Amino acid sequence: MRQCVSDTVKALRQLASEKGLKLEAKMPLDLPDHVFGDGSRLRQVMTNLIGNAIKFTDSGSVSLQVEPEMQTSEECVLLFSVTDTGVGVPAEQQALIFEPFRQADGSATRKHGGTGLGLAICARLVDLMGGRIWMESIPGSGSTFYFTAHFKRQTALESMQRVVAPAPRPVAPTHETSLRILVAEDNKVNQKLALRLLQKMGNKVTIANNGLEALHILAEQAFDLVLLDVQMPELGGLEAVAILREKEAQSGAFRQPIIAMTACAMSGDRERCLEGGMDGYVTKPVSADVLIEEIRQVLPGWRGPVSAPAPAPMPAATEPVNQWVH
Ligand code: MN
């Protein structure tokens, strides 16, 4: 929701600044992050109202505010308001303004152009979104256009449960020396370093760029071990492990061994990871010795890395890949 609102405002900022107007978006902290809805329709209505506000305002500001009017864990009604410091709409015109081919008055039509259809279309779209549209205006000092829209809510957990369908899980960790390891890590340099380290130990390595990607991959493939970075975009390690453990509890599936990788080696961090559902914990930069020891703890049947290291592919010479970053 925040993204949708701020993208809309960003797209109109140039138009506002050409007229010397301030354009801003206000969103309170309790605005839901994710809702089910038609983003393009919503953007169309916001764009139309803000565009109008800019058109009919010669000085001052235009602001878009979004706030929850009602919200439960399943649904919400959001109230959008676009306020300007423009010419305003005469009282006798206010009732007609959402009807097709009407504008505030004939002179405004000529001065400002437009088809007079914009607000009628907005009213239709708002109706389709289960909301209402109305306006308040003091001629000469500005207008506020309001609309509400009804959305179903989606929690992060629910959205993950949708993508992480029940999938065949490994029956038990392999006792072979070569492990199938999924590394979820957002940093490209760290990815290469982890790949090199783990391949040298003779393992088969798959890389995921964030927690969400890791969950998608885990839903389809079996791994002996997951190395999960804690700090990742889209979905962090602790969020991903919470979702995964919840799924395992529901389906009674085998518990996926997971080792957290974190850059913040602060006291209490290890406990936070273990309490969060991780089985082990290493800090970056990850050294081979520490990692091997941690894998032994997490996979008691593992006999250690193969004695003859597999040749690791060398990283591209142009990139310095010898420094772990967080
Ligand atoms: Mn990271």
Side-chain angles (χ1 to χ4, degrees), residues 2-3 6 33-34 155-157 159-161 163-164 179-201 203-248 255-295 297-299 312-316 318-326:
R2 287 171 191 281
Q3 193 68 51
S6 56
D33 287 326
H34 298 98
T155 64
L157 182 59
S159 72
M160 287 317 108
Q161 282 168 341
V163 297
V164 185
L179 300 172
R180 295 161 300 173
I181 301 180
L182 176 65
V183 177
E185 161 69 61
D186 60 307
N187 182 278
K188 298 286 174 208
V189 175
N190 290 354
Q191 286 178 1
K192 279 187 182 159
L193 288 164
L195 190 70
R196 194 160 54 173
L197 178 68
L198 293 167
Q199 283 182 337
K200 260 186 191 166
M201 288 162 57
N203 302 303
K204 293 190 194 76
V205 183
T206 302
I207 301 282
N209 293 297
N210 57 56
L212 197 55
E213 222 176 277
L215 290 180
H216 279 288
I217 294 171
L218 282 168
E220 301 195 332
Q221 288 179 53
F223 290 89
D224 302 305
L225 178 67
V226 178
L227 294 184
L228 202 52
D229 182 22
V230 171
Q231 301 266 351
M232 287 184 289
E234 302 285 340
L235 195 69
L238 287 167
E239 291 79 16
V241 81
I243 290 163
L244 199 63
R245 294 306 184 216
E246 170 82 23
K247 283 301 293 176
E248 288 172 356
R255 183 183 166 99
Q256 175 70 59
I258 301 175
I259 295 176
M261 291 190 294
T262 170
C264 37
M266 287 171 9
S267 75
D269 216 40
R270 183 181 192 97
E271 289 67 31
R272 201 164 59 92
C273 283
L274 298 183
E275 275 166 24
M278 307 281 193
D279 300 302
Y281 170 95
V282 291
T283 52
K284 291 185 262 187
V286 180
S287 78
D289 291 347
V290 171
L291 184 60
I292 287 168
E293 194 45 48
E294 198 68 15
I295 297 174
Q297 299 286 324
V298 170
L299 302 177
M314 285 308 290
T318 49
E319 283 180 72
V321 285
N322 48 16
Q323 200 81 58
W324 286 82
V325 293
H326 79 274

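Note that ligands are numbered from 1 as they come in the structure, with each ligand's atoms numbered from 1 the same way. Small disclaimer: the values here were computed from a predicted structure and weren't measured. The chain is numbered in sequence order, starting from 1.
Asp186 contributes OD1 as its N, O or S atom closest to the Mn ion (ligand 1).
For the Mn ion (ligand 1), the N/O/S atoms of Gln231 include one lying under 2.8 Å. Metal site remark for the Mn ion (ligand 1): Asp229 contributes an N, O or S atom at a distance under 2.8 Å.
A salt bridge does not link Asp224 to Lys204: none of the charged side-chain nitrogens sits closer than 4.0 Å to a carboxylate oxygen.
The closest donor-acceptor contact from the side chain of Asn187 to the backbone of Asn190 lies under 3.5 Å. Of the possible polar contacts, one joining the Glu248 side chain to the Gln256 backbone as a donor-acceptor pair under 3.5 Å is found. In this structure, the side chain of Glu213 does not engage the main chain of Ala184 through any donor-acceptor pair within 3.5 Å.
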